[in-house]
Amino acid sequence: MLIGICGKSGCGKSTLARALMENHENALHLDIDKVGHAVLTIEEVKQELVKSYGESILSEEKIDRKKLGDIVFNSRIEMKKLSDITWKYMQIEIDKFLENNKDKIIILDWLLLPISKYFDMCDIKILLDIPYEVRKERAMKRDNITEEAFDTREKASIDFDKNTFDYVINDNNLEEIRKLVKLIWQEFYIQEVLILLQRDIWILLSKQVNY
């Protein structure tokens with residue numbers, strides 16, 4: 001089972017993911033942003049990025065994420081260029097993770113999930129549509145960034161179609177998160193019971209036909 005969590009910076013995606021994991025021992029969280037960070041250490045990726053952005057993005061012969069971020073967060077075009085370079089490597093890692101954990105409930109957390117192939121693969125899709133001021137205050141404190149830096153980050157974000165999500169939450173307080181988590185797991189268990197019932201009915205009918 002795949003659960004997709006989307007929302008702009010500071011909306012609380014990781015908080016919701018942790019809450020989901022706390023209520024189900026078989027759940028794993030994959031923060032796709034961290035996959036993107038990891039592939040920057042791949043030599044082929046490094047060479048392609050230097051070719052596109054120049055050696056100014058390097059620090060001690062490694063990709064400096066802050067320097068790279070200063071470029072890509074200022075432009076959706078530059079952000080797309082970065083995605084075009086890193087995405088094929090990211091897919092390899094994501095697909096490997098999904099394949100190795102097929103028996104688990106995977107929580108995919110990513111801003112850009114709706115424009116990836118993984119969005120349609122999700123059994124449950126959640127959008128955290130939290131007000132700008134709330135997100136800004138949280139992100140500035142969490143990432144130790146200025147308001148200007150946050151606004152720059154916002155420019156590279158995407159817009160979401162609420163109609164494509166199963167759940168949309170607008171008030172990201174702990175009580176609302178708990179309610180959402182409870183609702184999601186109730187739906188999951190109902191689906192599990194229905195699957196088992198369908199299996200048992202099929203087995204029963206098969207025995208009757210064979211008889």
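Under the 4.5 Å side-chain criterion, counting only non-hydrogen atoms from C-beta, Val181 is not in contact with Glu22. Proximity of Phe73 to Lys155: side-chain heavy atoms (C-beta onward) are nowhere separated by under 4.5 Å. Contact annotation: the side chain of Leu82 approaches that of Leu49 to within less than 4.5 Å [non-hydrogen atoms, C-beta and beyond]. By the 4.5 Å heavy-atom criterion applied to side chains, Leu58 and Asp64 are not counted as neighbours. Looking only at side-chain heavy atoms (C-beta outward), Ile94 and Trp87 come within less than 4.5 Å of each other. Using a 4.5 Å cut-off on side-chain heavy atoms (C-beta onward), Glu154 and Lys136 make no contact.
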(message) Test salt bridge (charged side-chain N to carboxylate O under 4.0 Å, His left out) on Lys66 and Asp70; report intermediate values, then the result.
(response) CA-CA 6 Å; Lys66 185 181 184 308; Asp70 288 342; 3.6 Å; yes

(message) Could you walk me through whether Leu20 and Ile5 satisfy the side chain to side chain contact (heavy atoms under 4.5 Å, CB included) test, starting with their C-alpha distance in whole Å, then the side-chain angles of each, then the deciding distance to 0.1 Å, before giving a yes or no?
(response) CA-CA 11 Å; Leu20 285 165; Ile5 301 177; 4.0 Å; yes

(request) In sequence, state the C-alpha distance, the side-chain angles, and the governing distance for Tyr118 and Leu98, and then conclude on side chain to side chain contact (heavy atoms under 4.5 Å, CB included). (result) CA-CA 10 Å; Tyr118 301 103; Leu98 296 180; 3.9 Å; yes

(message) Pair Lys8, Asp159 - check side chain to side chain contact (heavy atoms under 4.5 Å, CB included), show working.
(response) CA-CA 9 Å; Lys8 296 186 178 182; Asp159 296 319; 3.8 Å; yes

(request) Output, in order, the C-alpha distance, side-chain angles, deciding distance and verdict of salt bridge (charged side-chain N to carboxylate O under 4.0 Å, His left out) for Lys51 and Glu48. (result) CA-CA 5 Å; Lys51 184 178 180 180; Glu48 288 187 52; over 6 Å; no

(request) Output, in order, the C-alpha distance, side-chain angles, deciding distance and verdict of salt bridge (charged side-chain N to carboxylate O under 4.0 Å, His left out) for Asp95 and Lys117. (result) CA-CA 11 Å; Asp95 289 343; Lys117 68 177 184 180; 3.3 Å; yes

(message) Show, in sequence, the C-alpha distance, side-chain angles and deciding distance for Glu147 and Met140, and conclude whether the side chain to side chain contact (heavy atoms under 4.5 Å, CB included) test is met.
(response) CA-CA 7 Å; Glu147 182 175 352; Met140 287 173 62; 4.0 Å; yes

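For Asp84 and Lys80, the salt-bridge test passes: some basic side-chain N is under 4.0 Å from an acidic carboxylate O. Salt-bridge check for Lys96 with Glu99: failed, with every basic side-chain N at 4.0 Å or more from each acidic carboxylate O.
No side-chain donor-acceptor contact under 3.5 Å links Asp103 to the backbone of Asn26.
Leu2 and Ile32 fall within the same hydrophobic cluster, where Ile, Leu, Val, Met, Phe, Trp and Tyr residues are linked whenever their side-chain heavy atoms come under 4.5 Å apart, directly or through other members. Cluster membership for Phe97 and Met21, using ILVMFWY side-chain heavy atoms within less than 4.5 angstrom, is not shared. One hydrophobic cluster holds both Ile57 and Tyr89 under the rule that ILVMFWY side chains link at heavy-atom gaps under 4.5 Å. Linking ILVMFWY side-chain heavy atoms closer than 4.5 Å, directly or via other members, places Phe119 and Ile158 in a single hydrophobic cluster. Side-chain heavy atoms closer than 4.5 Å link hydrophobic residues (I, L, V, M, F, W, Y) into clusters, and following such links, even through other members, never connects Ile106 to Met1.
Among all heavy-atom pairs drawn from Cys6 and Lys13, the shortest one is C-CD, 3.8 Å. The minimum heavy-atom distance between Ile130 and Arg135, with the atom names listed, is O-NE, 3.1 Å. Contact record, Val35 with Glu93: CG1-CB, 3.8 Å, taken as the closest heavy-atom pair. In plain terms, the two heavy atoms of Leu40 and Ile63 that are nearest each other are O-CG1, 3.8 Å. Minimum heavy-atom separation, Arg142 to Ser9: NH2-OG, 3.6 Å. Nearest approach of Ala27 to Ile107, heavy atoms of both residues: CB-CD1, 4.2 Å.
Within 6.0 Å of CD on Glu25 lie no more than 12 heavy atoms contributed by other residues, nucleotides or ligands. Crowding of Gln47 atom CD: a count of heavy atoms from other residues, nucleotides or ligands under 6.0 Å exceeding 12. In Lys182, the NZ atom is not crowded: 12 or fewer heavy atoms of neighbouring residues, nucleotides or ligands sit closer than 6.0 Å.
The structure places OG1 of Thr15 at 6.5 Å from CZ of Arg138, a figure rounded to the nearest 0.5 Å. Taken to the nearest 0.5 Å, the CD1 atom of Ile124 stands 5.0 Å off from the CD1 atom of Ile3. The OG atom of Ser14 sits 4.5 Å away from atom CG of Asp109, with the distance rounded to the nearest 0.5 Å. Atom NZ of Lys125 and atom OG1 of Thr164 lie 7.5 Å apart (nearest 0.5 Å). Going from atom OG of Ser116 over to atom CE of Met90 covers 9.0 Å, rounded to the nearest 0.5 Å. If you take CG on Leu128 and CG on Leu111, they are separated by 11.5 Å, rounding to the nearest 0.5 Å.
In summary, the side chains of Ser52 and Lys81 do not present any donor paired with an acceptor at a separation below 3.5 Å, with no hydrogens or angles considered.
Remark: Ala149 pairs with Ile145, Thr146 by the side-chain contact (heavy atoms from CB on, under 4.5 Å) rule, at least two apart or across chains.
Contacts classified as ring-ring contact (aromatic ring centres under 6.0 Å, His included) and involving residues 138-159 (residues at least two apart or in different chains) are given here: Tyr132-Phe150.
Of the options Val168, Asn163, Asp161, a side-chain contact (heavy atoms from CB on, under 4.5 Å) to Phe165 is made by Val168 and by none of the others.
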